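First the proteins, then the strands, lettered A, B, ... as listed; each starts at 1. Every value quoted in this text rests on a predicted model; they were computed, and no experiment measured them.
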2 protein chains.
Amino acid sequence: MTHRRDSYHHGDLRRALIEAGTRLARVGGPEAVLVREVTRQVGVAPNAAYRHFADREALLDAVCSQAQGAVAVAMEAELAKVRAKGDAAGRARARLRAVGIGYLRFAQEEPGLFRTAFSFPADLSRAASPDSAGASGLSPFQLLSSALDDLVDAGVLPRAQRPGAEFLAWSAVHGLATLAVTGPLRALSPRRLRSLANRLLDMVDRGLPATADLHSATRPVR
Amino acid sequence: MTHRRDSYHHGDLRRALIEAGTRLARVGGPEAVLVREVTRQVGVAPNAAYRHFADREALLDAVCSQAQGAVAVAMEAELAKVRAKGDAAGRARARLRAVGIGYLRFAQEEPGLFRTAFSFPADLSRAASPDSAGASGLSPFQLLSSALDDLVDAGVLPRAQRPGAEFLAWSAVHGLATLAVTGPLRALSPRRLRSLANRLLDMVDRGLPATADLHSATRPVR
DNA sequence: TGCGTTAGTGGACACCGTACACATGCAGGG
DNA sequence: CCCTGCATGTGTACGGTGTCCACTAACGCA
């Protein structure tokens with residue numbers, strides 16, 4: 001729409017295709033991003049897309065990055081809400097919590113885009129696209145990592161526990177998000193879902209830093 | 001294969017279609033369960049499937065239930081390994097951990113089936129199919145619920161915290177499983193993944209029962 | 001002004017899900 | 001024993017999809 005189509009050439013077809021794809025993904029998730037429909041919306045022949053994307057998968061990857069950027073923006077919005085009061089430890093914990101809340105809120109409010117953002121591309125290397133960042137220039141994953149670094153600096157999380165902690169926190173939040181978006185929790189009212197989210201974040205906050213005593217009952221398996 | 005195809009009628013086509021679909025899902029995940037391919041494998045015309053399933057989605061639901069049954073079996077196998085020694089609390093914790101380990105192990109060893117099992121059906125009501133149970137007759141979700149009940153009986157988890165606890169534990173484990181199967185953790189070696197799984201289960205074990213002191217820094221959002 | 005490169009078009013092919021009309025052969029009543 | 005009804009599988013066809021190929025338009029540089 002922002003692009004001229006007075007003439008044979010489009011001007012910035014690639015961007016237009018991504019935007020149309022994002023609109024479709026917003027409503028119908030990744031499976032709604034069809035080459036033919038996207039080109040139809042832009043008013044161009046189906047094959048024109050192949051001048052800019054190797055195949056449907058490549059187009060979807062681009063839309064995916066765009067959606068991840070939207071997730072990052074949602075997380076940043078929640079981060080902006082934490083007030084600077086309190087001690088460093090409390091602030092760091094609040095920042096980690098805000099990251100999780102932003103993630104979950106986005107999943108709830110934009111299920112189509114959320115599913116698209118985390119229907120991970122076939123080749124992992126594509127993860128680092130510039131589109132997948134928010135206003136701060138950080139991707140969702142980087143925002144989480146940064147929050148965990150703060151937690152270490154504040155002395156809440158032992159530095160030895162830091163490596164891999166992204167994946168523990170991310171797992172918990174991502175699991176709830178997917179269960180809420182596509183899974184059995186999708187019928188839940190936003191009210192109850194928020195309550196569950198708060199309990200989950202309590203669990204992470206409480207369980208992420210390993211306390212000194214490892215209970216003897218839990219031995220590693222195999 | 002176990003069914004006669006000496007004649008026009010098949011005998012038990014419905015079951016044969018589900019089994020073929022499961023084989024396909026094992027290799028290629030839910031998107032590999034195509035009506036045409038399934039019928040091709042059974043040696044029957046594509047439309048024959050429509051005598052037994054309303055549409056592709058219905059067939060996929062049946063395969064999904066079957067896959068959930070396989071998950072339940074994996075969880076039961078892991079439950080069978082916990083030895084009866086120790087106090088009730090330790091045993092209950094070990095059972096919850098076994099449930100999680102079985103889930104994660106299945107995700108790692110059968111990614112196609114795992115993705116199929118938890119690409120939730122369009123209508124949630126279909127959740128309660130008899131196929132989705134393991135040898136004990138319990139579905140994965142029911143096995144988890146039962147483990148949590150044990151945790152309450154053993155006095156580890158306060159009864160007041162019990163409602164909804166399934167979803168907290170499930171979220172954490174399911175999140176790690178999906179990140180490991182389709183997400184950025186899929187490149188991880190089984191060794192490192194097991195380590196991550198153990199840390200995650202530690203986190204759940206430590207964080208699930210809410211301790212008395214709620215840290216003042218984490219206030220509910222909104 | 002002319003020409004090469006880039007971007008978009010048109011038509012075709014294989015594959016998918018699925019609706020409709022038809023063929024088959026098993027089961028039960030005369 | 002045969003006939004008939006009905007469940008089950010077949011054949012054909014339609015619209016949709018992704019994507020290949022040859023073709024064309026027009027932009028930008030010499």
Side-chain angles (χ1 to χ4, degrees), chain A residues 1-25 27-64 112 116 119 121-123 126, chain B residues 1-25 27-64 112 116 119 121-123 126:
Chain A
M1 319 313 166
T2 129
H3 307 285
R4 71 202 164 87
R5 184 53 191 186
D6 47 352
S7 175
Y8 191 87
H9 290 297
H10 180 277
D12 194 358
L13 182 54
R14 183 189 161 88
R15 187 53 55 118
L17 292 173
I18 295 179
E19 279 175 17
T22 304
R23 277 197 305 273
L24 292 172
V27 174
E31 62 270 21
V33 181
L34 308 181
V35 175
R36 289 186 114 102
E37 182 59 28
V38 168
T39 55
R40 209 175 287 137
Q41 296 224 349
V42 176
V44 94
N47 294 335
Y50 288 86
R51 293 286 163 192
H52 302 274
F53 301 97
D55 51 10
R56 186 195 112 110
E57 187 67 20
L59 167 59
L60 197 56
D61 285 357
V63 175
C64 165
T116 307
S119 71
D123 53 338
R126 192 165 312 276
Chain B
M1 317 311 168
T2 131
H3 306 286
R4 70 203 165 86
R5 188 51 211 248
D6 46 350
S7 176
Y8 191 88
H9 290 297
H10 181 278
D12 193 358
L13 182 55
R14 183 189 160 89
R15 187 52 55 118
L17 292 173
I18 295 179
E19 280 175 14
T22 303
R23 278 198 304 274
L24 291 172
V27 174
E31 63 270 21
V33 181
L34 309 181
V35 175
R36 290 186 112 104
E37 180 60 28
V38 168
T39 54
R40 208 174 288 139
Q41 295 225 349
V42 176
V44 93
N47 293 336
Y50 289 86
R51 294 289 167 194
H52 303 275
F53 301 97
D55 51 10
R56 187 196 109 110
E57 187 66 20
L59 166 60
L60 197 56
D61 284 358
V63 175
C64 165
T116 307
S119 71
D123 53 339
R126 190 166 313 275

Enumerate all atom pairs, one protein N or O and one N or O from nucleotides 15-18 of chain C, separated by less than 3.5 Å.
from	atom 1	to	atom 2	distance (Å)
C:dC16	OP2	B:Arg40	NH2	2.8
C:dG17	OP1	B:Val35	N	2.8
C:dG17	OP2	B:Val35	N	3.4
C:dG17	OP2	B:Arg36	N	3.0
C:dG17	N7	B:Arg36	NH1	2.4
C:dG17	O6	B:Arg36	NH1	3.0
C:dT18	OP2	B:Tyr50	OH	2.7
C:dT18	OP2	B:Arg56	N	2.8
C:dT18	O5'	B:Tyr50	OH	3.2
C:dT18	O4	B:Arg36	NH1	3.2

Between D:dT17 (C1') and A:Leu24 (CG): distance, integer Å: 14 Å
Please confirm whether the shortest side-chain N or O distance from A:His52 to OP1 or OP2 of C:dT6 is below 4.0 Å. no
So, for B:Ala16 and B:Val42, which heavy atoms are closest and what is the spacing to 0.1 Å? O-CG2, 3.9 Å
For B:Val33 and B:Arg56, work out which heavy atoms get closest and say how close. O-NH1, 2.7 Å
Any non-hydrogen side-chain atom of B:Ile18 less than 4.5 Å from a side-chain atom of B:Phe53? yes
Starting at atom CG of A:Leu60, determine the distance to atom C1' of D:dG18, rounded to an integer number of angstrom. 13 Å
How would you list, by chain and number, every residue that makes a side chain to side chain contact (heavy atoms under 4.5 Å, CB included) with A:Pro30, sequence neighbours excluded? A:Leu60, A:Arg115, A:Thr116, A:Ser119
Using whole Å, report how far CG of A:Leu13 lies from P of D:dA26. 16 Å
Run the salt bridge (Lys or Arg N to Asp or Glu O under 4.0 Å) test against A:Arg14 and tell me which residues pass, sequence neighbours left out. none
Let me know which of B:Asn47, B:Leu13, B:Leu17 forms a side chain to side chain contact (heavy atoms under 4.5 Å, CB included) with B:Thr39. B:Leu17
Could you give the CZ-to-P distance, from B:Phe53 to D:dT8, as a whole number of Å? 12 Å
Value in whole Å for how far the C1' atom of D:dA25 lies from CZ of A:Arg51: 12 Å
